[in-house]
Amino acid sequence: MRIRYFAWMREHTGCSEEQLALPAAVLTVSDLIDHLSSVSDGHALALKNRKTVRVAVNLTFAAPDTPLCDTDEVAFFPPVTGG
Amino acid sequence: MRIRYFAWMREHTGCSEEQLALPAAVLTVSDLIDHLSSVSDGHALALKNRKTVRVAVNLTFAAPDTPLCDTDEVAFFPPVTGG
Amino acid sequence: MIAACKIDISVGEDDFDSAVELEKLRSAGVGAIASFTGIVRDEATGPALIALTLEHYPEMTTSQLRKIAEQAADRWQLGAVIICHRVGRLLPEDNIVFVGTSSAHRKAAFDACAFIMDYLKTEAPFWKKEETTQGTRWIDARISDDEALKKW
Amino acid sequence: MIAACKIDISVGEDDFDSAVELEKLRSAGVGAIASFTGIVRDEATGPALIALTLEHYPEMTTSQLRKIAEQAADRWQLGAVIICHRVGRLLPEDNIVFVGTSSAHRKAAFDACAFIMDYLKTEAPFWKKEETTQGTRWIDARISDDEALKKW
(Lines give C-alpha, C1' and ligand atoms only; values in the text may rest on other atoms or scores of the structure.)
Protein backbone atom coordinates (compact mmCIF):
# COMPACT_ATOMS: atom_id res chain seq x y z
CA MET A 1 0.00 0.00 0.00
CA ARG A 2 1.23 3.44 -0.91
CA ILE A 3 0.66 6.07 1.79
CA ARG A 4 1.03 9.78 1.02
CA TYR A 5 1.13 12.85 3.24
CA PHE A 6 0.60 16.47 2.28
CA ALA A 7 1.16 19.95 3.71
CA TRP A 8 1.92 20.05 7.45
CA MET A 9 1.13 16.36 7.86
CA ARG A 10 4.01 15.65 5.49
CA GLU A 11 6.26 17.88 7.60
CA HIS A 12 5.24 16.03 10.77
CA THR A 13 5.74 12.52 9.38
CA GLY A 14 8.97 13.60 7.71
CA CYS A 15 8.07 11.88 4.44
CA SER A 16 5.80 12.63 1.51
CA GLU A 17 5.13 8.95 0.91
CA GLU A 18 5.89 5.49 2.24
CA GLN A 19 5.10 1.89 1.38
CA LEU A 20 3.25 -0.26 3.87
CA ALA A 21 2.41 -3.95 3.83
CA LEU A 22 -1.17 -3.76 5.03
CA PRO A 23 -1.38 -5.44 8.48
CA ALA A 24 -4.13 -8.07 8.73
CA ALA A 25 -5.87 -6.12 11.49
CA VAL A 26 -6.24 -2.98 9.34
CA LEU A 27 -9.57 -3.19 7.57
CA THR A 28 -10.64 0.44 7.32
CA VAL A 29 -9.28 3.98 7.08
CA SER A 30 -9.84 4.38 10.80
CA ASP A 31 -7.79 1.23 11.52
CA LEU A 32 -5.02 2.53 9.31
CA ILE A 33 -4.87 5.83 11.21
CA ASP A 34 -4.57 3.88 14.48
CA HIS A 35 -1.80 1.79 13.01
CA LEU A 36 0.17 4.70 11.51
CA SER A 37 -0.12 6.69 14.74
CA SER A 38 2.08 4.03 16.38
CA VAL A 39 4.82 4.29 13.74
CA SER A 40 6.53 7.42 15.11
CA ASP A 41 5.88 10.49 17.24
CA GLY A 42 5.72 12.50 14.00
CA HIS A 43 3.05 10.21 12.58
CA ALA A 44 1.12 10.41 15.85
CA LEU A 45 1.29 14.20 15.78
CA ALA A 46 0.22 14.41 12.12
CA LEU A 47 -2.83 12.20 12.71
CA LYS A 48 -3.64 13.33 16.25
CA ASN A 49 -6.76 15.36 15.57
CA ARG A 50 -9.11 12.98 13.77
CA LYS A 51 -11.50 15.79 12.90
CA THR A 52 -8.74 17.56 10.99
CA VAL A 53 -7.49 14.53 9.08
CA ARG A 54 -8.77 14.36 5.51
CA VAL A 55 -8.31 11.06 3.71
CA ALA A 56 -8.41 10.13 0.03
CA VAL A 57 -8.39 6.50 -1.09
CA ASN A 58 -7.44 6.06 -4.73
CA LEU A 59 -7.85 9.81 -5.34
CA THR A 60 -11.36 10.00 -3.89
CA PHE A 61 -12.35 11.43 -0.50
CA ALA A 62 -12.91 8.61 1.98
CA ALA A 63 -14.62 8.22 5.37
CA PRO A 64 -13.24 6.53 8.54
CA ASP A 65 -15.16 3.35 7.73
CA THR A 66 -14.00 3.10 4.10
CA PRO A 67 -12.57 -0.42 3.63
CA LEU A 68 -8.99 -0.81 2.41
CA CYS A 69 -7.01 -3.34 0.44
CA ASP A 70 -3.28 -3.71 -0.09
CA THR A 71 -3.23 -2.17 -3.58
CA ASP A 72 -4.91 1.09 -2.48
CA GLU A 73 -3.21 4.46 -2.49
CA VAL A 74 -4.17 6.29 0.69
CA ALA A 75 -3.45 9.99 1.18
CA PHE A 76 -3.64 11.98 4.41
CA PHE A 77 -3.89 15.73 4.44
CA PRO A 78 -5.31 18.69 6.38
CA PRO A 79 -8.42 20.60 5.26
CA VAL A 80 -7.69 22.16 1.88
CA THR A 81 -6.88 25.86 1.47
CA GLY A 82 -6.63 26.45 -2.28
CA GLY A 83 -8.34 29.02 -4.46
CA MET B 1 -41.20 71.70 -19.85
CA ARG B 2 -39.07 69.36 -21.91
CA ILE B 3 -40.71 66.02 -22.70
CA ARG B 4 -38.67 63.11 -24.06
CA TYR B 5 -39.66 59.74 -25.48
CA PHE B 6 -37.54 56.64 -25.95
CA ALA B 7 -37.63 53.34 -27.82
CA TRP B 8 -41.03 52.36 -29.24
CA MET B 9 -42.74 55.23 -27.41
CA ARG B 10 -40.60 57.58 -29.47
CA GLU B 11 -41.67 55.77 -32.63
CA HIS B 12 -45.35 56.07 -31.67
CA THR B 13 -45.25 59.78 -30.79
CA GLY B 14 -43.10 60.46 -33.84
CA CYS B 15 -40.71 62.68 -31.88
CA SER B 16 -37.85 62.12 -29.48
CA GLU B 17 -38.62 65.31 -27.61
CA GLU B 18 -41.01 68.23 -27.47
CA GLN B 19 -41.53 71.41 -25.45
CA LEU B 20 -44.70 71.88 -23.48
CA ALA B 21 -46.01 74.84 -21.56
CA LEU B 22 -47.30 73.05 -18.48
CA PRO B 23 -51.11 73.41 -18.36
CA ALA B 24 -52.41 74.65 -15.03
CA ALA B 25 -54.44 71.48 -14.51
CA VAL B 26 -51.35 69.26 -14.76
CA LEU B 27 -49.95 68.82 -11.26
CA THR B 28 -48.54 65.31 -11.36
CA VAL B 29 -46.98 62.74 -13.69
CA SER B 30 -50.36 61.04 -13.94
CA ASP B 31 -52.01 64.32 -14.99
CA LEU B 32 -49.31 64.82 -17.61
CA ILE B 33 -49.93 61.38 -19.10
CA ASP B 34 -53.65 62.19 -19.34
CA HIS B 35 -52.86 65.48 -21.04
CA LEU B 36 -50.31 64.06 -23.51
CA SER B 37 -52.66 61.20 -24.44
CA SER B 38 -54.97 63.80 -25.95
CA VAL B 39 -52.27 65.36 -28.14
CA SER B 40 -52.35 62.77 -30.94
CA ASP B 41 -53.31 59.18 -31.66
CA GLY B 42 -49.59 58.37 -31.58
CA HIS B 43 -49.23 59.87 -28.12
CA ALA B 44 -52.32 58.02 -26.95
CA LEU B 45 -50.90 54.75 -28.27
CA ALA B 46 -47.49 55.33 -26.69
CA LEU B 47 -49.00 56.01 -23.27
CA LYS B 48 -51.96 53.64 -23.51
CA ASN B 49 -50.79 50.93 -21.10
CA ARG B 50 -50.10 52.77 -17.84
CA LYS B 51 -48.42 49.69 -16.35
CA THR B 52 -45.87 49.71 -19.13
CA VAL B 53 -45.07 53.42 -19.01
CA ARG B 54 -41.88 54.23 -17.13
CA VAL B 55 -41.31 57.86 -16.22
CA ALA B 56 -38.22 59.78 -15.18
CA VAL B 57 -38.41 63.34 -13.87
CA ASN B 58 -35.12 65.18 -13.98
CA LEU B 59 -33.26 61.92 -14.66
CA THR B 60 -34.76 60.07 -11.70
CA PHE B 61 -37.49 57.42 -11.82
CA ALA B 62 -40.83 58.93 -10.84
CA ALA B 63 -44.22 57.64 -9.73
CA PRO B 64 -47.68 58.64 -11.05
CA ASP B 65 -48.16 61.02 -8.10
CA THR B 66 -44.78 62.76 -8.49
CA PRO B 67 -45.49 66.53 -8.63
CA LEU B 68 -44.29 68.49 -11.64
CA CYS B 69 -43.18 72.05 -12.35
CA ASP B 70 -42.59 73.85 -15.61
CA THR B 71 -38.79 73.56 -15.53
CA ASP B 72 -38.79 69.76 -15.19
CA GLU B 73 -37.52 67.40 -17.84
CA VAL B 74 -39.91 64.46 -18.07
CA ALA B 75 -39.03 61.29 -19.97
CA PHE B 76 -41.36 58.47 -20.99
CA PHE B 77 -40.09 55.06 -21.93
CA PRO B 78 -40.96 51.35 -21.87
CA PRO B 79 -39.44 48.91 -19.35
CA VAL B 80 -35.69 48.83 -19.93
CA THR B 81 -33.95 46.00 -21.76
CA GLY B 82 -30.24 46.68 -21.54
CA GLY B 83 -27.40 44.49 -20.33
CA MET C 1 -17.45 51.90 2.25
CA ILE C 2 -18.30 54.07 -0.76
CA ALA C 3 -15.32 56.32 -0.04
CA ALA C 4 -12.82 53.50 -0.46
CA CYS C 5 -14.38 52.02 -3.58
CA LYS C 6 -13.19 53.19 -6.98
CA ILE C 7 -16.11 53.43 -9.40
CA ASP C 8 -15.57 53.56 -13.14
CA ILE C 9 -18.56 53.89 -15.49
CA SER C 10 -18.36 54.10 -19.26
CA VAL C 11 -21.17 54.17 -21.80
CA GLY C 12 -20.62 54.61 -25.51
CA GLU C 13 -20.47 53.18 -29.01
CA ASP C 14 -16.85 52.05 -28.77
CA ASP C 15 -16.00 48.49 -27.86
CA PHE C 16 -14.44 47.74 -24.47
CA ASP C 17 -11.73 45.20 -23.75
CA SER C 18 -12.60 42.88 -20.85
CA ALA C 19 -8.89 42.13 -20.41
CA VAL C 20 -8.09 45.81 -19.87
CA GLU C 21 -10.97 46.16 -17.43
CA LEU C 22 -9.87 43.08 -15.47
CA GLU C 23 -6.39 44.57 -15.26
CA LYS C 24 -7.87 47.76 -13.74
CA LEU C 25 -9.69 45.66 -11.15
CA ARG C 26 -6.43 43.92 -10.21
CA SER C 27 -4.86 47.26 -9.45
CA ALA C 28 -7.50 48.04 -6.83
CA GLY C 29 -5.45 46.03 -4.36
CA VAL C 30 -7.82 43.33 -3.19
CA GLY C 31 -7.65 39.62 -3.97
CA ALA C 32 -11.06 38.56 -5.30
CA ILE C 33 -12.32 39.72 -8.68
CA ALA C 34 -15.68 38.82 -10.20
CA SER C 35 -16.79 39.81 -13.66
CA PHE C 36 -19.69 39.47 -16.03
CA THR C 37 -19.57 39.96 -19.78
CA GLY C 38 -22.69 40.03 -21.93
CA ILE C 39 -22.37 39.37 -25.64
CA VAL C 40 -24.79 39.70 -28.58
CA ARG C 41 -26.06 36.21 -29.39
CA ASP C 42 -28.42 34.66 -31.85
CA GLU C 43 -31.07 33.13 -29.59
CA ALA C 44 -31.28 29.92 -31.68
CA THR C 45 -35.07 30.02 -31.63
CA GLY C 46 -36.80 32.33 -34.09
CA PRO C 47 -35.37 34.09 -37.15
CA ALA C 48 -31.62 34.69 -37.46
CA LEU C 49 -30.33 37.80 -35.74
CA ILE C 50 -28.63 40.36 -37.96
CA ALA C 51 -27.99 43.13 -35.43
CA LEU C 52 -29.06 44.62 -32.14
CA THR C 53 -29.41 48.38 -31.75
CA LEU C 54 -29.13 49.80 -28.26
CA GLU C 55 -30.82 53.11 -27.57
CA HIS C 56 -30.36 54.89 -24.26
CA TYR C 57 -31.15 58.09 -22.37
CA PRO C 58 -27.65 59.56 -22.33
CA GLU C 59 -28.09 62.15 -19.57
CA MET C 60 -29.62 59.55 -17.28
CA THR C 61 -27.65 56.41 -18.11
CA THR C 62 -24.32 57.21 -16.52
CA SER C 63 -25.81 58.69 -13.35
CA GLN C 64 -28.15 55.72 -13.02
CA LEU C 65 -25.30 53.23 -13.43
CA ARG C 66 -23.29 55.17 -10.88
CA LYS C 67 -26.18 55.01 -8.42
CA ILE C 68 -26.34 51.24 -8.85
CA ALA C 69 -22.57 50.92 -8.33
CA GLU C 70 -22.77 53.10 -5.21
CA GLN C 71 -25.56 50.97 -3.80
CA ALA C 72 -23.33 47.92 -4.25
CA ALA C 73 -20.37 49.72 -2.65
CA ASP C 74 -22.60 50.68 0.25
CA ARG C 75 -23.66 47.11 0.81
CA TRP C 76 -20.41 45.20 0.31
CA GLN C 77 -16.79 46.10 1.00
CA LEU C 78 -15.49 46.62 -2.49
CA GLY C 79 -12.16 47.79 -3.85
CA ALA C 80 -13.49 48.75 -7.26
CA VAL C 81 -16.53 48.57 -9.51
CA ILE C 82 -16.34 48.87 -13.28
CA ILE C 83 -19.37 49.08 -15.55
CA CYS C 84 -19.01 49.37 -19.33
CA HIS C 85 -22.09 49.41 -21.54
CA ARG C 86 -22.26 49.85 -25.27
CA VAL C 87 -24.92 51.62 -27.31
CA GLY C 88 -25.61 51.85 -31.04
CA ARG C 89 -25.75 49.05 -33.60
CA LEU C 90 -24.06 45.82 -32.49
CA LEU C 91 -23.50 42.61 -34.41
CA PRO C 92 -23.58 39.01 -33.18
CA GLU C 93 -20.52 38.26 -31.02
CA ASP C 94 -20.07 41.94 -30.13
CA ASN C 95 -19.69 42.90 -26.49
CA ILE C 96 -22.70 44.60 -24.88
CA VAL C 97 -21.85 44.91 -21.21
CA PHE C 98 -19.03 44.34 -18.75
CA VAL C 99 -19.45 44.51 -14.98
CA GLY C 100 -16.48 43.83 -12.72
CA THR C 101 -16.06 44.05 -8.96
CA SER C 102 -13.15 43.49 -6.62
CA SER C 103 -13.16 42.77 -2.92
CA ALA C 104 -11.11 41.07 -0.24
CA HIS C 105 -13.79 38.37 -0.11
CA ARG C 106 -15.04 36.28 -2.98
CA LYS C 107 -18.65 36.25 -1.83
CA ALA C 108 -18.75 40.05 -1.72
CA ALA C 109 -17.22 40.26 -5.21
CA PHE C 110 -19.70 37.72 -6.64
CA ASP C 111 -22.76 39.15 -4.92
CA ALA C 112 -21.94 42.74 -5.84
CA CYS C 113 -21.37 41.78 -9.48
CA ALA C 114 -24.68 39.87 -9.71
CA PHE C 115 -26.50 42.66 -7.85
CA ILE C 116 -25.23 45.28 -10.29
CA MET C 117 -26.24 43.19 -13.31
CA ASP C 118 -29.72 42.58 -11.84
CA TYR C 119 -30.26 46.29 -11.22
CA LEU C 120 -28.74 47.30 -14.54
CA LYS C 121 -31.25 45.00 -16.27
CA THR C 122 -34.22 46.73 -14.64
CA GLU C 123 -33.16 50.28 -13.79
CA ALA C 124 -30.67 51.48 -16.39
CA PRO C 125 -32.31 53.29 -19.33
CA PHE C 126 -31.26 51.10 -22.28
CA TRP C 127 -33.56 49.58 -24.89
CA LYS C 128 -32.72 46.90 -27.44
CA LYS C 129 -34.14 46.71 -30.92
CA GLU C 130 -33.52 43.51 -32.76
CA GLU C 131 -33.00 43.25 -36.50
CA THR C 132 -33.61 39.77 -37.88
CA THR C 133 -34.06 38.20 -41.30
CA GLN C 134 -37.80 38.70 -40.71
CA GLY C 135 -37.77 42.37 -39.74
CA THR C 136 -37.14 44.51 -36.69
CA ARG C 137 -38.78 44.59 -33.27
CA TRP C 138 -38.19 46.09 -29.84
CA ILE C 139 -37.21 43.46 -27.31
CA ASP C 140 -39.69 42.97 -24.46
CA ALA C 141 -38.59 43.29 -20.87
CA ARG C 142 -38.46 39.97 -19.08
CA ILE C 143 -40.51 39.28 -15.98
CA SER C 144 -37.59 37.15 -14.76
CA ASP C 145 -35.47 40.30 -14.63
CA ASP C 146 -37.94 41.94 -12.24
CA GLU C 147 -38.12 38.74 -10.22
CA ALA C 148 -34.32 38.71 -9.92
CA LEU C 149 -34.40 41.88 -7.79
CA LYS C 150 -36.39 40.22 -5.04
CA LYS C 151 -33.41 38.35 -3.68
CA TRP C 152 -31.48 41.55 -2.83
CA MET D 1 -26.12 19.02 -20.02
CA ILE D 2 -22.59 17.70 -19.39
CA ALA D 3 -22.37 16.52 -22.98
CA ALA D 4 -22.82 20.02 -24.40
CA CYS D 5 -20.54 21.76 -21.92
CA LYS D 6 -16.87 22.20 -22.79
CA ILE D 7 -14.72 21.72 -19.69
CA ASP D 8 -11.15 22.94 -19.59
CA ILE D 9 -9.02 22.33 -16.47
CA SER D 10 -5.41 23.38 -16.05
CA VAL D 11 -3.19 23.11 -13.00
CA GLY D 12 0.47 24.08 -13.00
CA GLU D 13 3.24 26.45 -12.08
CA ASP D 14 2.85 28.66 -15.14
CA ASP D 15 0.80 31.82 -14.99
CA PHE D 16 -2.51 32.00 -16.83
CA ASP D 17 -3.93 34.96 -18.69
CA SER D 18 -7.50 35.82 -17.68
CA ALA D 19 -7.95 37.64 -21.00
CA VAL D 20 -7.11 34.51 -22.99
CA GLU D 21 -9.44 32.43 -20.83
CA LEU D 22 -12.29 34.94 -21.26
CA GLU D 23 -11.74 34.76 -25.01
CA LYS D 24 -12.14 30.95 -24.90
CA LEU D 25 -15.41 31.39 -23.00
CA ARG D 26 -16.69 33.76 -25.68
CA SER D 27 -16.13 31.12 -28.32
CA ALA D 28 -18.47 28.69 -26.53
CA GLY D 29 -21.36 30.41 -28.28
CA VAL D 30 -23.54 31.65 -25.44
CA GLY D 31 -24.09 35.20 -24.32
CA ALA D 32 -23.44 35.37 -20.58
CA ILE D 33 -19.94 34.95 -19.16
CA ALA D 34 -19.08 35.04 -15.46
CA SER D 35 -15.56 34.84 -14.12
CA PHE D 36 -13.64 34.86 -10.88
CA THR D 37 -9.95 35.63 -10.47
CA GLY D 38 -8.11 35.13 -7.20
CA ILE D 39 -4.85 36.97 -6.62
CA VAL D 40 -2.15 36.74 -3.95
CA ARG D 41 -2.68 39.62 -1.53
CA ASP D 42 -1.08 40.92 1.57
CA GLU D 43 -3.88 40.67 4.15
CA ALA D 44 -3.05 44.07 5.70
CA THR D 45 -3.29 42.63 9.21
CA GLY D 46 -0.30 40.72 10.55
CA PRO D 47 3.25 40.62 9.21
CA ALA D 48 3.97 41.50 5.56
CA LEU D 49 3.55 38.67 3.08
CA ILE D 50 6.63 37.69 1.10
CA ALA D 51 5.27 34.69 -0.80
CA LEU D 52 2.64 31.98 -0.84
CA THR D 53 3.58 28.42 -1.75
CA LEU D 54 0.83 26.18 -3.07
CA GLU D 55 1.24 22.46 -2.63
CA HIS D 56 -1.20 20.02 -4.20
CA TYR D 57 -1.89 16.32 -4.79
CA PRO D 58 -1.18 16.24 -8.51
CA GLU D 59 -2.89 12.95 -9.40
CA MET D 60 -6.04 14.00 -7.56
CA THR D 61 -6.23 17.72 -8.29
CA THR D 62 -7.25 17.69 -11.94
CA SER D 63 -9.78 14.88 -11.54
CA GLN D 64 -11.27 16.58 -8.51
CA LEU D 65 -11.59 19.92 -10.33
CA ARG D 66 -13.17 18.12 -13.26
CA LYS D 67 -15.72 16.49 -10.95
CA ILE D 68 -16.65 19.90 -9.56
CA ALA D 69 -17.01 21.34 -13.08
CA GLU D 70 -19.16 18.38 -14.12
CA GLN D 71 -21.41 18.85 -11.10
CA ALA D 72 -21.91 22.46 -12.17
CA ALA D 73 -22.59 21.43 -15.77
CA ASP D 74 -25.11 18.90 -14.50
CA ARG D 75 -26.94 21.52 -12.50
CA TRP D 76 -26.93 24.51 -14.86
CA GLN D 77 -27.04 24.75 -18.65
CA LEU D 78 -23.51 25.83 -19.42
CA GLY D 79 -21.63 26.38 -22.65
CA ALA D 80 -18.19 26.12 -21.11
CA VAL D 81 -16.35 25.90 -17.81
CA ILE D 82 -12.71 26.88 -17.40
CA ILE D 83 -10.70 26.32 -14.23
CA CYS D 84 -7.03 27.37 -13.98
CA HIS D 85 -5.15 26.92 -10.72
CA ARG D 86 -1.52 27.63 -10.03
CA VAL D 87 0.85 25.75 -7.73
CA GLY D 88 4.37 26.46 -6.50
CA ARG D 89 5.76 29.66 -5.04
CA LEU D 90 3.71 32.78 -5.82
CA LEU D 91 4.41 36.41 -5.01
CA PRO D 92 1.99 39.19 -4.04
CA GLU D 93 -0.09 40.27 -7.07
CA ASP D 94 0.39 36.89 -8.78
CA ASN D 95 -2.66 35.06 -10.07
CA ILE D 96 -3.76 32.00 -8.07
CA VAL D 97 -7.03 30.88 -9.61
CA PHE D 98 -9.36 31.62 -12.51
CA VAL D 99 -12.84 30.17 -12.85
CA GLY D 100 -14.99 31.09 -15.82
CA THR D 101 -18.42 29.91 -16.94
CA SER D 102 -20.61 30.69 -19.91
CA SER D 103 -24.32 30.18 -20.32
CA ALA D 104 -27.28 31.57 -22.21
CA HIS D 105 -28.53 32.98 -18.89
CA ARG D 106 -26.65 35.29 -16.56
CA LYS D 107 -27.97 33.68 -13.38
CA ALA D 108 -26.74 30.26 -14.47
CA ALA D 109 -23.31 31.68 -15.36
CA PHE D 110 -23.02 33.51 -12.00
CA ASP D 111 -24.32 30.63 -9.89
CA ALA D 112 -22.15 28.03 -11.58
CA CYS D 113 -19.06 30.20 -11.18
CA ALA D 114 -19.71 30.81 -7.46
CA PHE D 115 -20.59 27.12 -6.93
CA ILE D 116 -17.30 26.01 -8.51
CA MET D 117 -15.28 28.43 -6.38
CA ASP D 118 -17.08 27.30 -3.20
CA TYR D 119 -16.39 23.63 -3.94
CA LEU D 120 -12.85 24.29 -5.09
CA LYS D 121 -12.18 25.98 -1.73
CA THR D 122 -13.27 22.89 0.22
CA GLU D 123 -12.78 19.87 -2.03
CA ALA D 124 -9.77 20.49 -4.26
CA PRO D 125 -6.48 19.24 -2.75
CA PHE D 126 -4.44 22.44 -2.53
CA TRP D 127 -2.66 23.78 0.55
CA LYS D 128 -1.17 27.22 1.04
CA LYS D 129 1.94 27.97 3.05
CA GLU D 130 2.56 31.59 3.80
CA GLU D 131 6.01 33.15 4.05
CA THR D 132 6.03 36.45 5.94
CA THR D 133 8.65 38.73 7.44
CA GLN D 134 8.05 36.80 10.69
CA GLY D 135 8.42 33.26 9.36
CA THR D 136 6.35 30.65 7.56
CA ARG D 137 3.08 28.94 8.45
CA TRP D 138 0.45 26.77 6.83
CA ILE D 139 -2.77 28.66 6.29
CA ASP D 140 -5.76 27.34 8.24
CA ALA D 141 -8.93 26.31 6.48
CA ARG D 142 -11.77 28.74 7.06
CA ILE D 143 -15.03 27.70 8.64
CA SER D 144 -16.74 30.23 6.36
CA ASP D 145 -15.63 28.14 3.37
CA ASP D 146 -17.45 25.09 4.74
CA GLU D 147 -20.46 27.24 5.55
CA ALA D 148 -20.52 28.51 1.94
CA LEU D 149 -21.41 25.03 0.68
CA LYS D 150 -24.69 24.95 2.55
CA LYS D 151 -26.43 27.21 0.11
CA TRP D 152 -25.96 24.81 -2.84
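Naming convention: chains lettered A, B, ... in sequence-line order (proteins, then strands); numbering from 1 in each chain. Only a predicted model underlies this, so the values are computations on that prediction, with no experimental measurement involved.
For the set Ala32(C), Gly38(C), Ala19(C), the entry with the most heavy-atom pairs within less than 4.5 Å of chain D is Ala32(C). Across Ile39(C), Leu22(C), Val99(C), the residue that shares the most heavy-atom pairs under 4.5 angstrom with chain D is Ile39(C). Comparing Val40(D), Val30(D), Ile96(D), Val97(D) by how many heavy-atom pairs each has under 4.5 Å with chain C, the most go to Val30(D).
For Ala104(D), no part sits under 4.5 Å from any heavy atom of chain C, backbone or side chain.
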Chain D and chain C: which donor-acceptor pairs fall below 3.5 Å?
| residue | atom | partner | partner atom | Å |
| --- | --- | --- | --- | --- |
| Arg26(D) | O | Arg41(C) | NH2 | 2.6 |
| Arg26(D) | NH1 | Asn95(C) | OD1 | 2.4 |
| Arg26(D) | NH2 | Glu93(C) | O | 2.4 |
| Val30(D) | O | Arg41(C) | NE | 2.9 |
| Val30(D) | O | Arg41(C) | NH2 | 2.9 |
| Gly31(D) | O | Ile39(C) | N | 2.9 |
| Ile33(D) | N | Thr37(C) | O | 2.9 |
| Ile33(D) | O | Thr37(C) | N | 2.8 |
| Ser35(D) | N | Ser35(C) | O | 2.9 |
| Ser35(D) | O | Ser35(C) | N | 2.9 |
| Ser35(D) | OG | Ser35(C) | OG | 2.7 |
| Thr37(D) | N | Ile33(C) | O | 2.8 |
| Thr37(D) | O | Ile33(C) | N | 2.9 |
| Ile39(D) | N | Gly31(C) | O | 2.9 |
| Arg41(D) | NE | Val30(C) | O | 2.9 |
| Arg41(D) | NH2 | Arg26(C) | O | 2.6 |
| Arg41(D) | NH2 | Val30(C) | O | 2.9 |
| Glu93(D) | O | Arg26(C) | NH2 | 2.3 |
| Asn95(D) | OD1 | Arg26(C) | NH1 | 2.4 |
| Arg106(D) | NE | Asp118(C) | OD1 | 3.1 |
| Arg106(D) | NH1 | Asp145(C) | OD1 | 2.9 |
| Arg106(D) | NH2 | Asp118(C) | OD1 | 2.8 |
| Arg106(D) | NH2 | Asp145(C) | OD1 | 3.3 |
| Asp118(D) | OD1 | Arg106(C) | NE | 3.2 |
| Asp118(D) | OD1 | Arg106(C) | NH2 | 2.8 |
| Asp145(D) | OD1 | Arg106(C) | NH1 | 2.9 |
| Asp145(D) | OD1 | Arg106(C) | NH2 | 3.3 |

